[in-house]
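Down below is the structure, laid out as structure tokens.
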Amino acid sequence: MDAFRLLTRSTKLKSAPLTSASAASLPSKGKAANPQLFRTAETEKLESAKHGQKRKRGAAADDNEDGVDAPELDFFQSSKRAASSAAEETGRHHDQPPAQNDGSDDEDAMDEVERRTILNAHKIKVTDLRDMDDIQPQPAPTKESKKKKKKQKKEEAPALSKKEQKRARRLYPQPLVSFKELRSRYNISRRLAENVAEQGFTVPTEVQLGSLPLLLGDLSLASDTSEENGTDPDLLVVAPTGSGKTLSFLIPVINKIVRHHHSSPGENGILSLVVAPTKELASQIVNEGRKLVAGTGVKITLMRKGMRVVDRDGDDANVLNEDSGASSGSDEEDEAGKTQKGRDNAPVTKSDILVTTPLMLVNALSAHRTATMATLPLVRSLVMDEADVLLDPLFREQTLDIWRSCVHPDLRVSLWSATMGSNIEDLTRSTIKERQENLRLKQSKPNQLIRLVVGLKDSAIPNIDHRLVYAATEQGKLLGLRQLLRPTAASASDVRLRPPFLIFTQTIPRAVALHSELRYDIPAEAGGSSRIAVLHSDLSDTQRSEIMRDFRKGEIWILVTTDLLARGVDFRGINGVVNYDIPTSAAVYVHRVGRTGRAGREGGIAVTYYTKEDIPYVKSIANIIDVSEKLRGGDGDKSIQKWLLDALPDLSKKDKQELKKHGVKARQTTKNLDKDQGDGKGSRGTRISTKSGFERRMENRKKGAIAASRNRKNVAAEADSDGGSWDGLED
Ligand SMILES: Nc1ncnc2c1ncn2[C@@H]1O[C@H](COP(=O)(O)OP(=O)(O)OP(=O)(O)O)[C@@H](O)[C@H]1O
């Protein structure tokens with residue numbers, strides 16, 4: 001189904017047909033040739049010399065468990081290819097334990113120069129974040145060295161310069177140049193490797209290339225491969241939107257659980273937690289996870305209301321004491337918790353991996369904050385997706401409570417996002433330390449904390465076109481958007497955006513108002529108002545998931561939404577993003593526009609409208625676009641001219657914070673006035689209409705005049721009827 005063609009038919013546009021070249025470049029037209037964003041011809045040669053030349057492509061198959069990505073649909077077609085022949089041979093079964101790899105047959109090992117070349121070409125930077133003393137520990141004293149030490153007793157070791165420290169922190173782990181290595185080198189579960197192959201991915205993306213070896217542990221280097229708690233570090237990952245971070249954290253988590261099932265068959269319970277900021281993202285992670293766990297014996301579940309995750313009655317030890325730094329409840333609260341407990345007889349979940357939003361899990365662990373937080377003693381891996389939001393003041397306390405409730409000494413944390421400030425790094429470090437002290441972990445050496453950055457930190461992906469459009473007024477934005485909705489727009493502006501696309505607004509009332517304004521803009525022949533929908537957090541869970549499903553299926557072409565969908569959600573074939581209201585921070589811009597151009601797809605467009613009121617806030621967005629265009633290289637047209645960057649004012653730190661918290665003032669929602677109007681007639685902040693203030697005043701006057709004239713007529717009629725009625729003859 002071609003949405004554009006249908007729209008074209010209804011608008012009598014003759015010159016609209018797509019050339020095959022332009023069609024091919026549309027993200028919704030299919031799969032990216034290469035999902036990697038950064039690479040050079042040289043390294044491609046080096047990588048294929050190492051492994052890539054015999055990459056197999058499986059035969060077609062589709063085991064879509066979720067029924068979400070229907071294959072016949074054009075927009076969001078699945079890139080899944082077929083199961084490998086190995087998968088067909090083995091059939092579905094519970095997984096076998098991964099065979100031991102003694103590391104003696106490590107033909108694929110690269111020397112440091114090769115590793116550096118590949119990592120640098122893919123713009124992957126790996127850094128050890130531990131204290132310098134932990135990175136360069138003093139060698140264990142021998143008898144001789146003890147004597148020497150006495151002599152040098154008072155001599156201080158020369159402090160490393162900043163440059164030397166930087167060099168000492170830099171790591172060059174071996175990259176994963178082919179998915180085949182998951183099995184051959186990292187020895188992951190066979191069934192899991194087959195499930196990865198079934199996804200049809202041919203090349204690992206940069207974040208997979210860099211993070212998977214770190215998280216899977218290089219078994220040839222590990223001294224003891226019999227335990228699942230090997231050498232994996234705590235990890236902070238900053239990698240572009242749509243670069244495949246989900247697969248990067250799910251593969252190691254699942255593999256660890258398969259190993260655990262074989263080494264400790266009796267220990268059942270939640271072994272891994274994945275925390276994400278929205279229900280939409282959490283449910284998407286579960287869908288991805290289900291494809292990977294098939295036949296491995298690992299169970300992944302989405303946290304739902306009313307689900308029990310701990311048996312508070314059964315085990316008093318599973319409650320955080322005050323020492324452990326958890327939020328503690330009063331006796332009264334505990335009593336209330338017990339009552340709640342008594343009411344709740346749902347069985348405790350038997351899942352290995354629980355995917356949740358922070359509040360839902362905190363509520364389950366603390367009986368809606370009426371009892372002390374319970375602990376999750378078996379959890380070995382805690383994954384925070386969109387970690388910068390999870391540790392932002394909005395979610396911070398809930399996320400930290402969850403972190404503290406994971407009391408297993410071998411807990412590993414990993415934090416993932418496309419944007420991450422240095423404050424998150426500091427918070428991670430201090431939380432790890434605090435946790436170690438509280439749990440009194442007597443490790444001789446703290447666990448490794450590694451940061452992996454792909455590309456330029458906090459930048460937008462280079463494979464999309466950015467348009468920053470000055471629309472002067474609110475009406476100007478609506479006119480601009482209406483042009484985008486019409487295929488004839490191509491003649492009026494150089495932006496040509498084809499459905500499906502997302503439109504972001506600042507607030508829920510504005511999303512609702514914009515939706516009702518645009519509702520009838522799609523002609524009936526093209527499906528009419530059913531093609532456009534609005535999604536926000538005031539809708540019920542069922543409504544939200546129905547809209548998500550219909551958008552993925554291609555039944556909805558245009559989705560008006562808030563920042564609820566700005567992060568993480570993956571609509572594979574989306575053609576573009578419209579920032580109808582400017583994003584409230586550079587990070588939000590990066591995430592919103594990152595809904596297009598997923599997995600290296602070219603052709604995505606990000607249109608951002610701004611008005612007079614927005615001028616003070618545009619510079620950070622213009623900077624992001626400028627950097628992204630520089631990253632792209634080549635001599636393509638630049639959408640941000642230097643004069644504009646120079647002319648735009650800088651925003652103070654305080655104003656930035658204010659903007660992040662409340663958005664652009666002119667669009668703020670005034671409670672009561674805006675609530676549930678849904679017709680674009682709310683207060684100023686909500687109102688979305690093409691009519692100017694003058695037109696509206698004229699209209700109001702006219703309405704007033706009509707009403708007044710009606711009133712006059714009624715009064716006159718009443719007077720007439722009073723005067724004209726015959727009451728009979730007076731006596
Ligand atoms: N190696 C690969 N080759 C091709 N496609 C891939 C590969 N790995 C993942 N993908 C696909 O890329 C898309 C984006 O992946 P994912 O949602 O994990 O991105 P992300 O990095 O988490 O993005 P965001 O920062 O927006 O959350 C998904 O559709 C996924 O199936």
Side-chain angles (χ1 to χ4, degrees), residues 418-419 421 455-484 489 492-497 503-507 510 563 566 576-594 596-597 604-668 684-685 688 690 692-693:
T419 51
L456 266 184
K457 217 165 162 250
D458 306 331
S459 61
I461 40 174
N463 52 320
I464 51 178
D465 280 338
H466 302 263
R467 304 297 165 101
L468 191 57
V469 183
Y470 180 60
T473 59
E474 284 292 322
Q475 294 93 323
K477 292 201 299 192
L478 193 53
L479 284 170
L481 183 59
R482 285 218 150 96
Q483 279 192 336
L484 277 186
S493 74
D494 60 339
V495 186
R496 197 168 191 178
L497 183 54
I503 305 176
F504 286 100
T505 63
Q506 182 172 301
T507 59
R510 284 182 65 80
D563 284 329
V577 167
V578 179
N579 289 316
Y580 187 78
D581 294 335
I582 60 156
T584 52
S585 72
V588 174
Y589 181 82
V590 169
H591 288 276
R592 278 188 185 179
V593 303
T596 185
I605 298 177
V607 183
T608 305
Y609 292 114
Y610 68 106
T611 65
K612 285 198 295 287
E613 285 85 10
D614 297 327
I615 290 173
Y617 313 117
V618 174
K619 187 154 187 173
S620 59
I621 296 167
N623 273 330
I624 293 271
I625 298 175
D626 187 50
V627 171
S628 157
E629 285 172 349
K630 278 185 188 143
L631 257 182
R632 185 177 199 133
D635 12 83
D637 277 350
K638 287 193 126 214
S639 60
I640 303 291
Q641 302 302 321
K642 193 173 175 307
W643 65 261
L644 179 65
L645 272 179
D646 292 341
L648 287 169
D650 285 313
L651 201 59
S652 70
K653 208 173 167 187
K654 195 172 154 237
D655 288 342
K656 269 187 193 165
Q657 280 167 353
E658 183 60 23
L659 177 70
K660 196 175 156 198
K661 252 190 183 162
H662 302 294
V664 176
K665 223 180 188 156
R667 279 175 218 124
Q668 281 171 10
R684 257 169 199 281
I688 290 180
T690 28
S692 65

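Predicted, not measured: the structure shown is a model, and the values here were computed from it.
Atom-to-atom distance recorded for Leu479:CG and Tyr609:OH is 9.5 Å, nearest 0.5 angstrom. Between the CG atom of Leu631 and the CD1 atom of Ile461 there is a distance of 11.0 Å, given to the nearest 0.5 Å. Distance CD/Gln506 to CG/Asp614: 8.5 Å, rounded to 0.5 Å. Taking OG of Ser652 as the reference point, atom CD of Gln657 lies at 8.5 Å (rounded to 0.5 Å). The CG atom of Asp655 sits 11.5 Å away from the CG atom of Asp650 when rounded to the nearest 0.5 Å.
Take Ser620 and apply the side-chain contact (heavy atoms from CB on, under 4.5 Å) test, not counting sequence neighbours, and it matches Ala586. Considering only residues two or more places apart in sequence or on other chains, His591 meets the ring pair (Phe, Tyr, Trp, His ring centres under 6.0 Å) condition with none of them. With sequence neighbours excluded, no residue forms a side-chain hydrogen bond (donor to acceptor under 3.5 Å, both in side chains) with Lys654. Every ring pair (Phe, Tyr, Trp, His ring centres under 6.0 Å) that Tyr589 has, sequence neighbours left out, goes to His466. Shown here are the side-chain contact (heavy atoms from CB on, under 4.5 Å) partners of Ala622, two or more places apart in sequence or in another chain: Leu468, Ile640, Leu645, Leu648. By the side-chain contact (heavy atoms from CB on, under 4.5 Å) test, Lys612 pairs with Tyr470, Thr473, sequence neighbours left out.
A pairwise comparison of heavy atoms in Gly663 and Thr584 identifies CA-CG2, 3.5 Å as the closest pair. Nearest heavy atoms, Leu497 versus Gly576: CD1-CA, 3.6 Å. The minimum heavy-atom distance between Ile464 and Gly597, with the atom names listed, is CG2-CA, 3.8 Å.
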One pair to check against side-chain contact (heavy atoms from CB on, under 4.5 Å): Asp581 and Phe504. What are the steps and the verdict? CA-CA 7 Å; Asp581 294 335; Phe504 286 100; over 6 Å; no
Step by step, work out the side-chain contact (heavy atoms from CB on, under 4.5 Å) result for Lys619 and Leu651. CA-CA 8 Å; Lys619 187 154 187 173; Leu651 201 59; over 6 Å; no
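Contact of the Val664 side chain with the Leu659 side chain is registered, since non-hydrogen atoms from C-beta on lie closer than 4.5 Å. The shortest distance between side-chain heavy atoms of Val607 and Val469 falls below 4.5 Å. Side-chain contact check for Pro649 versus Ile615: some heavy-atom pair is nearer than 4.5 Å. Residues His662 and Glu658 have side chains in contact (heavy-atom distance under 4.5 Å, counting atoms from C-beta outward). Within the 4.5 Å cutoff, the side chain of Val590 has heavy atoms near those of the Ile624 side chain. Under the 4.5 Å side-chain criterion, counting only non-hydrogen atoms from C-beta, Gln668 is not in contact with Thr507. Looking only at side-chain heavy atoms (C-beta outward), Ile582 and Arg667 come within less than 4.5 Å of each other.
Look at Glu629 and Arg632 and you find no salt bridge, because none of the NZ, NE, NH1 or NH2 atoms lies under 4.0 Å from a carboxylate O. Looking at Lys642 and Asp626, no side-chain N of the basic residue comes within less than 4.0 Å of a carboxylate O on the acidic one, giving no salt bridge.
Under the side-chain contact (heavy atoms from CB on, under 4.5 Å) rule, Thr608 has a single partner from Asn579, Val578, Val618, which is Asn579.
Crowding of Lys457 atom NZ: a count of heavy atoms from other residues, nucleotides or ligands under 6.0 Å exceeding 12.
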